[in-house]
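One structure is given below, encoded as structure tokens.
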Amino acid sequence: MVATTYSGTGVAVPERTAGKKRTSLWTRMYTALADSQMKRAEREIARYAYLLPREYERTQARREDQPFGGW
């Protein structure tokens with residue numbers, strides 16, 4: 001049996017670059033699907049906006065922390 005040891009002094013090791021990690025294909029597809037469904041829902045709300053009460057203001061109702069402005 002032969003045992004061989006290598007020292008790291010004679011071997012060139014490439015430096016690691018800290019780059020951005022890409023998101024997976026499935027994550028990008030799911031995000032695109034969710035975004036398109038949200039846009040479709042907002043189009044439907046705009047389509048039937050005349051049914052909303054007069055005191056409703058679209059700018060005030062749209063909140064980023066809740067979907068569909070907190071409805």
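FYI, side chains are in, hydrogens and waters are out, and symmetry mates aren't considered; it's all heavy atoms of this structure.
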Criterion side-chain contact (heavy atoms from CB on, under 4.5 Å) on K39 and R43, from CA distance to verdict: CA-CA 6 Å; K39 287 178 184 178; R43 281 194 310 266; 4.2 Å; yes
Just distance, no hydrogens or angles: give the donor-acceptor pairs under 3.5 Å from side chains in residues 25-34, sequence neighbours left out.
from: T27; atom 1: OG1; to: S24; atom 2: OG; distance (Å): 2.8
from: R28; atom 1: NE; to: T23; atom 2: O; distance (Å): 3.4
from: R28; atom 1: NE; to: S24; atom 2: O; distance (Å): 3.4
from: T31; atom 1: OG1; to: T27; atom 2: O; distance (Å): 2.8

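Looking at residues two or more places apart in sequence or on another chain, you find a side-chain contact (heavy atoms from CB on, under 4.5 Å) between Y50 and Y48.
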